[in-house]
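Data block below; observations after.
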Protein chains: 2
Amino acid sequence: MAIQPEPRPEPRRPWNRAQLLRAAIALADTGGIESLSMRKLSHELGGGTMSLYNHFSNKDDLLDGMIDSVFSEIELPAGEHAWKDNMRRRALSIRAVMTRHPWALGLMESRRTPGPATLRHHDAVIGCLRDAGFSLQLTAHAFSALDSYIYGFALQEQSLAFGTPEETSELAKAFLLQFPTKEYPRLAELTIDHVLQPGYDYGDEYEFGLDLILDGLESTWLRR
Amino acid sequence: MAIQPEPRPEPRRPWNRAQLLRAAIALADTGGIESLSMRKLSHELGGGTMSLYNHFSNKDDLLDGMIDSVFSEIELPAGEHAWKDNMRRRALSIRAVMTRHPWALGLMESRRTPGPATLRHHDAVIGCLRDAGFSLQLTAHAFSALDSYIYGFALQEQSLAFGTPEETSELAKAFLLQFPTKEYPRLAELTIDHVLQPGYDYGDEYEFGLDLILDGLESTWLRR
DNA sequence: ACCTGAACACCGTTCAAGT
DNA sequence: ACCTGAACACCGTTCAAGT
């Protein structure tokens with residue numbers, strides 16, 4: 001009796017980089033960056049242990065691609081706005097993007113191979129400032145000061161784990177119970193009389209610091 | 001013939017938390033945070049696979065301790081200085097500490113259990129500003145703006161991988177060859193005519209942005 | 001009470017082998 | 001050319017067992 005040959009399993013639809021990046025980002029958005037493994041992503045998409053390696057040389061290559069994809073979501077300076085408005089909009093846009101992809105921030109620290117979207121972004125920001133009459137020196141100052149603040153704020157927001165203001169309040173209360181108020185009286189005061197007051201939202205701090213820097217840059221720029 | 005009993009192996013000297021934290025920090029300083037594993041640290045100190053778990057409940061507990069230890073290295077505000085001077089010194093001190101322990105920055109993002117040194121630090125900063133007459137509101141503004149900038153700059157410095165200025169120059173040159181200059185003309189200009197000029201050092205940008213914020217805070221404070 | 005090895009459920013990646 | 005499973009050298013941590 002002839003053995004019925006096993007029907008060959010339907011070969012999966014071939015992948016492409018863009019689709020894989022989308023899936024990897026979705027996985028990181030949902031489960032955090034620690035839930036993204038080469039094996040898990042591949043299996044989730046119906047591939048084998050090693051299938052991803054046909055499209056990315058290694059995990060770093062995948063992470064580089066994810067970061068560049070995140071950069072492509074940032075609003076670029078547009079010709080019709082003044083530099084200050086453009087830089088302000090960019091800052092707000094980066095915060096929105098970082099909120100959508102919180103895992104991206106921690107990765108930027110270690111990425112050293114910028115992709116095309118990243119380079120396009122940097123080029124547009126520099127161009128915006130140069131066109132407004134910023135010297136090379138002042139452009140470098142502005143870029144450094146703004147990006148330090150923008151990404152630093154995102155870092156603060158993450159380490160403070162401030163989701164909704166309600167969560168913040170819960171966290172601050174738990175926090176107060178945890179440490180001896182007597183030993184840290186100024187921290188306790190700020191927590192009780194400011195952070196725990198109704199309407200408090202750490203996110204509101206963003207524009208204060210941002211405008212401090214933008215106004216400072218404007219003064220320097222006017223004195224050029 | 002009686003079997004010679006195996007001489008019992010010399011029991012290792014018992015550990016304590018402080019010593020383990022020092023060793024863990026030294027390991028991370030030398031080989032990066034990815035070289036720090038519970039097993040490796042334990043083996044290096046003559047312990048078994050699980051020995052560390054007698055002193056830390058898990059790896060997060062160890063990381064929390066390391067971060068708090070790093071915080072203890074930061075120069076605290078001192079009574080004899082004005083608030084602006086104190087905040088400036090603190091900012092410079094944090095950069096120095098982050099240069100010594102580059103792995104700490106990436107960890108701060110995920111730490112949510114501040115230790116005593118961290119709380120003492122926060123309490124001292126808040127106290128310094130309050131004593132100078134900052135309202136609770138302005139204290140929160142100042143703390144947020146300064147820390148965002150300080151940690152953000154450290155992040156920039158790391159992602160730009162600027163070691164010595166010489167390395168920077170090498171990196172920038174390799175960088176220019178890598179991407180099509182024609183496609184990113186403003187970025188190319190800034191790189192060639194500014195970054196690659198003799199004497200350029202990205203670290204010099206730190207004080208520009210810092211003073212922008214400190215001066216802005218001072219204006220707001222004077223108007224109080 | 002303090003310590004630790006075996007075992008489990010994971011990783012990224014090399015390599016040899018399949019089509 | 002494209003794909004993938006076994007195997008290797010790692011992880012953090014549970015658990016049972018030692019002293």
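Convention: sequence-line order gives letters A, B, ...; per-chain numbering from 1. The basis for the numbers below is simple: all heavy atoms, side chains too, and nothing from hydrogens, waters or symmetry mates.
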Less than 4.0 Å between a side-chain N and a carboxylate O, is that true for B:Asp64 and B:Arg111? yes

Quick test of your reading of the model: are B:Arg17 and B:Asp61 salt-bridged, counting only N-O distances below 4.0 Å? yes

For DNA chain D, the dot-bracket notation using Watson-Crick and G-U wobble pairs below 3.5 Å, [ ] for pseudoknot-type crossings and | for other-strand pairs, is ||.|||||...|||||.||

Run B:Asp68 and B:Arg120 through salt bridge (charged side-chain N to carboxylate O under 4.0 Å, His left out) and show every step you take. CA-CA 10 Å; B:Asp68 199 53; B:Arg120 207 175 310 124; over 6 Å; no

Judged by atom type as modelled, is there a donor-acceptor pair below 3.5 Å linking the side chain of B:Thr99 to the main-chain atoms of B:Arg95? yes

For B:Gly203, is there any backbone N or O sitting under 3.5 Å from a side-chain donor or acceptor partner on B:Glu157? no

Is the ring centre of A:Tyr200 less than 6.0 Å from the ring centre of A:His194?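 Ring centres of A:His194 and A:Tyr200 closer than 6.0 Å.
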
Length of the [atom1]-[atom2] vector between [X] and [N], whole Å:
X	N	atom1	atom2	result
A:Glu34	C:dG12	CD	P	12 Å
A:Leu41	D:dT4	CG	P	13 Å
B:Leu20	C:dC3	CG	P	10 Å
A:Leu45	D:dT4	CG	P	12 Å
A:Met38	D:dG5	CE	P	15 Å
B:Lys40	C:dC11	NZ	C1'	14 Å
A:Arg13	D:dC3	CZ	C1'	18 Å
B:Arg39	C:dA6	CZ	P	11 Å

I want to check something: taking the side chain as every heavy atom from C-beta on, are A:Leu155 and B:Ser148 in contact at a cut-off of under 4.5 Å? no

For A:Asp29 and A:Arg22, run salt bridge (charged side-chain N to carboxylate O under 4.0 Å, His left out): C-alpha distance rounded to whole Å, both residues' side-chain angles, the deciding distance at 0.1 Å, then the answer. CA-CA 10 Å; A:Asp29 287 350; A:Arg22 265 198 309 279; over 6 Å; no

Can you tell me if the side-chain N/O atoms of B:Thr49 get under 4.0 Å from OP1 or OP2 in C:dT4? no

Name the orientation class of the two ring planes belonging to B:His55 and B:Trp15 (parallel below 30°, tilted from 30 to 60°, perpendicular beyond 60°). tilted

Need one value for B:Met50: base, sugar-phosphate or nothing, where a base atom within 4.0 Å counts as base even if backbone is also close, heavy atoms only. base

Per the under-4.0 Å heavy-atom filter, residues of residues 51-62 of chain B near DNA chain C come out as B:Ser51, B:Asn54, B:His55

